[in-house]
Amino acid sequence: MVAPKLDAAAAAAVDVARAAAEEQSWTDAVGQHLGVNAEEGERVVTHSFACHLPGYVEWRWAVTIVRASRAKVCTVNEVVLLPMVGALLAPPWVPWEDRIDAGDIVAGTLMPTADDDPRLEPGFSTGDLPVDADPADWAQLRSTVWELGLGRERVLSHWGRDDAAVRWLEGPQGPDNELSRQAPGPCHSCGYFVALRGSLGTMFGACTNRFSPSDGQVVSLEHGCGGHSDVPAVEHEHALPKPAYDTMSIDDDLFG
């Protein structure tokens, strides 16, 4: 089968095709030119443009251009929206717990914690249950804790502390950033630094300087900023203004 011949004049009519697509929608809905294909029949081509319409991801504008025999001007045959590969397929399913990311919890959002979450361990048994224990065993122990009133059902595990420590050290409040490198001193020597309790307190604390970008956040001991409490205040001498009435000098002319 012989492939259709691409008409040069119709293939060059990109502006005509774009104007036709914009007439069906609006200018911002028609994106870049994706190419042109020859159609069955003489002097018939289809121009494709990216589609920026909301809800039409991976679709394209298809504008068919026709040039009559011996004519110099091309005309528009039709303008349609056509799906591209994958446009009609749903994206791969991702469970909700895998889609949630840091900072996604807002007012009204509830994020349940699994019974076998490795970041936590039973607060009354100091880790007697392995993290891969049967969820039914975890549920039974949690019920027992509630009935006996033994305080917090679960506390941070060693794995959870290590995970938090690594995340905080690698974050913006860690020691390896430009803010810390240019600081006059580390956080652990700052008067606004309040150490955390427990083992995490040997590495981290909270900033209480309301002028610091880290105010109210966990910071590394080796973190730092320009709001260090030991930054000396620069005192400027204030020149006294000239008196409104000069009573200090003597006019020699008065005493001849």
Side-chain angles (χ1 to χ4, degrees), residues 1-114 117-119 163-164 166-174 176-179 212-218 225:
M1 182 177 179
V2 180
K5 183 179 179 181
L6 186 66
D7 183 75
V14 177
D15 293 339
V16 175
R18 177 180 293 276
E22 292 176 350
E23 185 179 350
Q24 296 295 318
S25 181
W26 59 84
T27 302
D28 294 339
V30 182
Q32 64 178 348
H33 186 244
L34 302 178
V36 59
N37 297 313
E39 302 289 354
E40 292 292 339
E42 296 182 1
R43 299 175 298 280
V44 181
V45 302
T46 296
H47 290 270
S48 297
F49 299 90
C51 176
H52 294 164
L53 285 174
Y56 285 84
V57 180
E58 291 294 325
W59 286 63
R60 65 183 175 92
W61 293 100
V63 183
T64 302
I65 298 292
V66 179
R67 185 176 68 85
S69 178
R70 300 181 181 179
K72 295 182 179 180
V73 179
C74 298
T75 59
V76 177
N77 185 301
E78 65 176 354
V79 180
V80 295
L81 274 172
L82 296 177
M84 294 191 291
V85 178
L88 302 180
L89 298 177
W93 170 252
V94 179
W96 182 84
E97 60 268 18
D98 295 334
R99 283 184 278 128
I100 198 73
D101 201 357
D104 286 347
I105 297 179
V106 295
T109 301
L110 298 178
M111 184 178 180
T113 300
D117 192 318
R119 298 173 299 174
D163 177 64
V166 172
R167 187 172 63 253
W168 292 347
L169 287 173
E170 295 177 350
Q173 276 68 47
D176 188 17
N177 52 65
E178 194 64 25
L179 186 67
S212 171
S214 302
D215 180 39
Q217 301 180 22
V218 173
C225 73

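As the structure is a computational prediction, the values presented were derived from the model and not from experiment. Numbering of residues begins at 1 and proceeds along the displayed sequence.
Pairs of residues two or more places apart, or lying in two chains, that qualify as ring pair (Phe, Tyr, Trp, His ring centres under 6.0 Å) and include a residue from residues 19-38 are H33-H47, H33-F49. Within the structure, no pair that satisfies the ring pair (Phe, Tyr, Trp, His ring centres under 6.0 Å) test touches residues 73-93, not counting sequence neighbours. Residue pairs that meet the side chain to side chain donor-acceptor pair (under 3.5 Å) test with at least one member in residues 3-21, sequence neighbours left out, are D7-R67.
A search for side-chain hydrogen bond (donor to acceptor under 3.5 Å, both in side chains) contacts involving Q217 returns Q173, not counting sequence neighbours. Every side-chain contact (heavy atoms from CB on, under 4.5 Å) that P4 has, sequence neighbours left out, goes to A38, E40. Applying the side-chain contact (heavy atoms from CB on, under 4.5 Å) criterion to D163, with sequence neighbours excluded, gives R119, W159, R167. Legend: residues meeting side-chain contact (heavy atoms from CB on, under 4.5 Å) with V94, ordered by chain and number and at least two apart, are D98, R99. Contacts of A12 classified as side-chain contact (heavy atoms from CB on, under 4.5 Å), with partners at least two apart in sequence or in another chain: none. Residues satisfying the salt bridge (charged side-chain N to carboxylate O under 4.0 Å, His left out) test with D176, not counting sequence neighbours, are R181.
Going from atom CZ of R43 over to atom CG of L6 covers 13.0 Å, rounded to the nearest 0.5 Å. Atom CG of residue L179 and atom OG of residue S212 lie 7.0 Å apart, to the nearest 0.5 angstrom.
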Expected list for residues 71-81: side-chain donor-acceptor pairs under 3.5 angstrom, two or more places apart:
from	atom 1	to	atom 2	distance (Å)
T75	OG1	V66	O	3.3

Would you list the atom pairs, donor with acceptor, under 3.5 Å between side chains in residues 54-61 and any protein atom, with sequence neighbours excluded?
from	atom 1	to	atom 2	distance (Å)
R60	NH1	S48	OG	2.6
W61	NE1	A29	O	3.0

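In this structure, E39 and T46 approach most closely via the heavy-atom pair OE2-OG1, 2.6 Å.
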